[in-house]
Protein chains: 2
Amino acid sequence: MKLSKTAEYALRIMNYMAIDEQKLYTTTELFENLNIPFRYLRKLMIKLSKSEILTSVQGKHGGYRIARKSLEISLLEIIHATGEDPVGNVCFFGFEKCAFVEKCAIHEKWTLVRDNINQVLSKTTLAEIKGSESTSFIKNNISILT
Amino acid sequence: MKLSKTAEYALRIMNYMAIDEQKLYTTTELFENLNIPFRYLRKLMIKLSKSEILTSVQGKHGGYRIARKSLEISLLEIIHATGEDPVGNVCFFGFEKCAFVEKCAIHEKWTLVRDNINQVLSKTTLAEIKGSESTSFIKNNISILT
DNA sequence: TTCAAATAACACCTAAAGGTATTATTAATG
DNA sequence: CATTAATAATACCTTTAGGTGTTATTTGAA
């Protein structure tokens, strides 16, 4: 199970910004701490700020701020804010109509797999993962990242 | 959880070919039954036949045949034969070294998710899913597929 | 021994994700 | 009210997965 780069970036951003929910973060600060290409980061921030998880403040002392309590923001919601759906409701074999016609033989098993992923992503909130572990991880390891 | 198109194609192919493990299948027959672009299918068959799951027979009455008992072929092995790894051992946030340094806060949960996927894909064999359900599904629905 | 029907190989095209560059807009502050 | 530091918008470039086209090779059989 690999998320898209964009989804990973969004999760890094939100995880970092959840450290201080009041603070306005500039893209420059995020760039310096999260190892995301600067211009791509800026584009992504604009996209995320159009969802319900981030707000933007324009102007000289502007930046971005988490829009709601981190306790209320699920990881799935963050990924959805990027425009992606990591789980979906798709046939294992990639057929369009599987669930609506005769179920393929792995349909049940695969549904359980997807349910599991959905559970973890939708029930885990930013508040749960923003702990010092992950933040110290990011700060300590930025240098070894590509 | 979405597999790549290529992985889905490989699974369709193997699932179909498992119906008769002795039979030589031509790409034409597979094409007519599995809704995979013809030339892409041919390219993929060559790739798969270089793995341990398919053998090819060249020449006039050639084709492809499942290389081993379907009971011994796991879904994960099929996906691996396409050159992909759907699960991997990657950090949730996409950092390179996560598991080897300080674990990020969601690391444990995410490991369980991946384990679950791995279990299903590696423990489920072709033999289990090749039942009439899925085959009749494919045959009945080919017309509604793109 | 030639033809036909199959796979094999190689090169190229297309669409989408990821990434870059440039210019416009906003708003605090000297 | 001009400057500056931030976000917003738009367009373009690059890489890769997916898909296509053409030619070569293999092999059974008329």
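Predicted model only: the values in this text are computed from it and were never measured.
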### Query
Out of curiosity, A:Met17 CE to A:Leu54 CG, how far, rounded to the nearest 0.5 Å?
4.5 Å
### Message
I'd like to know if A:Glu128 pairs up with A:Lys123 as an ion pair, taking the criterion as any Lys NZ or Arg NE/NH1/NH2 lying under 4.0 Å from an Asp or Glu carboxylate oxygen.
### Response
no
### Message
Is there a side-chain contact between B:Ser49 and the phosphate of C:dT7, meaning an N or O under 4.0 Å from OP1 or OP2?
### Response
no
### Task
Step through it carefully: locate the ring centre of B:Tyr9, locate the ring centre of A:Phe93, and say whether they are under 6.0 Å apart.
no
### Task
Could you check how far CZ of A:Phe38 sits from P of C:dT22, rounded to whole Å?
14 Å
## Note on the structure
Of the listed C:dT20, C:dA6, C:dT22, the closest approach to the B:Thr26 side chain comes from C:dA6
What N/O pairs connect the protein and nucleotides 24-26 of chain C at under 3.5 Å? Give each pair on its own line.
from: C:dT26; atom 1: O4'; to: A:Gln58; atom 2: OE1; distance (Å): 2.9
from: C:dT26; atom 1: O2; to: A:Gly59; atom 2: N; distance (Å): 3.3

### Query
Going 5' to 3' on DNA chain D, which nucleotide is the first and which the last to come under 4.0 Å of a heavy atom in chain B?
D:dG18 to D:dA29
### Query
Going by distance alone, is a donor N or O of one side chain under 3.5 Å from an acceptor N or O of the other, for A:Tyr40 and A:Thr6?
yes
### Message
If I take atom OH in residue A:Tyr40 and atom C1' in nucleotide C:dA16, what distance separates them, rounded to the nearest angstrom?
### Response
11 Å
### Summary
To the nearest angstrom, the NZ-C1' distance between A:Lys2 and C:dG18 comes to 16 Å
#### Entry: Interatomic distance where NZ belongs to A:Lys47 and P belongs to C:dG19 [whole Å]
14 Å
### Summary
B:Arg39 atom CZ is separated from C:dA11 atom C1', nearest whole Å, by 13 Å
### Message
For the CD1 atom of A:Ile36 and the CE atom of A:Met45, what is their distance to the nearest 0.5 Å?
### Response
8.5 Å
### Task
Can you tell me the distance, in whole Å, between the CG atom of A:Leu3 and the C1' atom of C:dG18?
16 Å
### Query
Is the number of heavy atoms from other residues, nucleotides or ligands under 6.0 Å of B:Lys2 NZ greater than 12?
yes
#### Entry: Validation row, ring centre A:Phe31 to ring centre A:Phe38 under 6.0 Å
yes
### Task
Send over the distance from B:Leu54 CG to C:dT7 P, rounded to a whole Å.
11 Å
### Query
Looking for any heavy atom pair under 4.0 Å, which part of the strands does B:Thr28 touch: base, sugar-phosphate only, or nothing?
nothing
### Message
Tell me whether B:Arg12 forms a cation-pi arrangement with A:Phe95, defined as NZ or CZ under 6.0 Å from the six-membered ring centre and within 45 degrees of its axis.
### Response
yes
### Query
Heavy atoms under 4.0 Å, any strand shown: does A:Lys50 hit a base, just sugar-phosphate, or nothing?
sugar-phosphate
### Query
Between the side chains of B:Ser4 and B:Glu84, does any donor sit under 3.5 Å from an acceptor?
yes
### Query
Reckon B:Thr27 has a side-chain N or O less than 4.0 Å from the OP1 or OP2 of C:dT7?
yes
### Message
For a quick check of understanding: with a heavy-atom distance under 4.0 Å over all strands, which category does A:Tyr64 fall into, base, sugar-phosphate or nothing?
### Response
sugar-phosphate
### Task
Not counting sequence neighbours, list each pair that qualifies as a salt bridge (charged side-chain N to carboxylate O under 4.0 Å, His left out) and has a residue in residues 43-67 of chain B.
none
#### Entry: For atom CG of A:Leu44 and atom P of C:dT20, their distance in whole Å
13 Å
### A:His61 side-chain N/O to C:dA27 phosphate OP1/OP2 under 4.0 Å
no
### First of A:Ala7 and B:Met45 reached from the 5' end of DNA chain C, by closest nucleotide
B:Met45
